[in-house]
Amino acid sequence: MIKYRLPRAAAVRAATALALTLTFTLTACSASGPGASEPGSEGSDSGAASALTHVHGLGLGLHQDTLYVATHEGIHSPGPGGAPVLVGERRDDFMGFTVARDGTFLASGHPAPGGGGPSNLGLVASADAGRSWAEKSLGGEVDFHALDTAPDGSVYGYDSTGGRLRVTRDQAAWEDRAALRALDIAVSPTAPDTVLATTESGVARSTDGGRTFSPGAGQVLSYVSWGAADALYGVSPDGVLFRSGDGGTSWTRAGTVPGGGPQALTAVDARLLLVATGDGVYESRDAGRSFVRRMEVTGGKDGH
């Protein structure tokens, strides 16, 4: 691998692209599309397949045997040939999504059209891999566009409705932290008070639990995910994958993700990566050197 630094002109173009993405992320997604019924995959109770347009989050089940994709049209897993198959029955627009260490799914977003209830889901949780969901807190108040968990069990959420980071220890009571304009967040897997946020000017860092952030600087990235203490990954707006071994102080180019502009990124560990782009959800088991497409995606330009 080689050290990679964006030329100034390229950095300006990348920052502009991210700024457009950030503008879009503050606008809630609208109606979800229809899908035709077919038998479900493992973990699915209702298996309606559809052409996915926007991916918002990625994760593996507790035993890392099933891929789950949070989308504009509900949670999906790959079926035959990589076609998306709906998990459960809800077609909510799951904007923020993460899988906690105990396998619990945490999500936020908006209910499906006609589903009733408030326009913002707040924080919802699923203990059965997306088959059913329960409201935990902030229903009707908040749409988290990014969620991550800390090693002490705390949940960090970027509240797109208020442009603020929020933190909860019990998934019920939330503390307001710094106001900032961000697209994605990542919490250190070993230091619960260290959190990064992607901004138009680069990656912003907090070492006090998100109460304050340094100005965004350095590498301009759309999404970041911390697979291990020495394996922080980020993907740029043009699909270049980077890795940092020092918590984001410096970045090394690791490769290029297939399929165009990124929509979501999850580093499961130091080598296992999941990334969604314009034409599919891809998996890498060699730290980004090569990718295999796991699920089809059509029509989406970005994850938010």
Side-chain angles (χ1 to χ4, degrees), residues 1-4 6 10 14 17-18 21 41-43 49-61 63-72 75-85 87 97-99 146 148 183-184 186 189 198 203 219-228 230-245 248 251-304:
M1 295 186 292
I2 60 174
K3 292 288 184 180
Y4 180 85
L6 283 176
L18 182 56
T21 303
S41 65
E42 179 186 357
S50 61
L52 301 182
T53 56
H54 289 106
V55 174
H56 302 311
L58 304 164
L60 295 180
H63 303 294
Q64 298 192 4
D65 54 356
T66 305
L67 170 65
Y68 295 94
V69 181
T71 79
H72 185 62
I75 304 291
H76 289 73
S77 283
V85 178
V87 175
F97 175 77
T98 192
V99 180
D148 202 4
L183 179 60
D184 196 21
T198 59
V203 178
Q219 186 62 55
V220 175
L221 300 170
S222 293
Y223 303 101
V224 285
S225 187
W226 224 317
D230 61 348
L232 169 67
Y233 288 91
V235 62
S236 69
D238 56 355
V240 177
L241 180 71
F242 294 89
R243 176 171 173 162
S244 176
W251 296 89
T252 300
R253 182 169 178 162
T256 302
V257 300
Q263 299 189 20
L265 170 70
T266 294
V268 180
D269 56 33
R271 296 180 60 81
L272 177 54
L273 307 178
L274 304 170
V275 59
T277 63
D279 71 354
V281 176
Y282 292 85
E283 177 184 275
S284 174
R285 292 184 175 270
D286 55 9
R289 294 179 180 86
S290 63
F291 287 88
V292 174
R293 190 165 77 163
R294 295 285 311 278
M295 181 183 287
E296 299 174 359
V297 175
T298 60
K301 294 183 179 180
D302 60 74
H304 296 277

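- The shortest distance between side-chain heavy atoms of Asp148 and Trp226 does not fall below 4.5 Å.
- No side-chain heavy atom of Asp184 sits less than 4.5 Å from a side-chain heavy atom of Ser222.
- For the pair Val55 and Ala276, the tightest heavy-atom approach, listed with the atom from each and the gap, is CG1-CB, 3.6 Å.
- Considering every non-hydrogen atom in both Pro237 and Pro262, the closest pair reads O-CD, 3.3 Å.
- A 4.5 Å side-chain heavy-atom check between Phe242 and Leu221 finds at least one atom pair inside the cut-off.
- In this structure, Leu60 CG and Leu67 CG are separated by 6.0 Å, a value rounded to the nearest 0.5 Å.
- Nearest heavy atoms, Pro189 versus Ala228: CG-C, 3.6 Å.
- The minimum heavy-atom distance between Tyr233 and Ala270, with the atom names listed, is OH-O, 2.5 Å.
- With sequence neighbours left out, Val275 forms a side chain to side chain contact (heavy atoms under 4.5 Å, CB included) with Val257, Leu265, Thr277, Tyr282, Phe291.
- Between the OG1 atom in Thr71 and the NE2 atom in His56 there is a gap of 6.5 Å [rounded to 0.5 Å].
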Working for side-chain contact (heavy atoms from CB on, under 4.5 Å), residues Val268 and Leu274: CA-CA 8 Å; Val268 180; Leu274 304 170; 4.1 Å; yes
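- Tyr223 places a side-chain N or O within donor-acceptor distance of the main-chain N or O of Gln263, the cut-off being under 3.5 Å.
- No donor-acceptor pair under 3.5 Å is formed between the side chain of Thr66 and the backbone N or O of Gly61.
- Two residues are said to be in side-chain contact when any heavy atoms from C-beta on lie closer than 4.5 Å; Leu272 and Gln64 meet this criterion.
- Under the rule for a side chain to side chain donor-acceptor pair (under 3.5 Å), Arg271 has no partner lying at least two apart in sequence or in another chain.
- Panel note: side chain Arg285, backbone Val292; no donor-acceptor pair is recorded below 3.5 Å.
- Put simply, the side chain of Val297 does not reach to within 4.5 Å of the side chain of Asp279, judged on heavy atoms.
- In this structure, CZ on Arg289 lies 10.5 Å from CG on Leu241, to the nearest 0.5 angstrom.
- Legend: residues meeting side chain to side chain donor-acceptor pair (under 3.5 Å) with Ser284, ordered by chain and number and at least two apart, are Asp286.
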Pair Tyr68-Val99, side-chain contact (heavy atoms from CB on, under 4.5 Å): steps then yes or no: CA-CA 9 Å; Tyr68 295 94; Val99 180; 5.8 Å; no
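- Every ring pair (Phe, Tyr, Trp, His ring centres under 6.0 Å) that Phe97 has, sequence neighbours left out, goes to Phe105.
- The minimum heavy-atom distance between Glu283 and Arg294, with the atom names listed, is OE1-NH1, 2.9 Å.
- In terms of heavy atoms, Glu296 sits closest to Gly81 at OE2-O, 3.7 Å.
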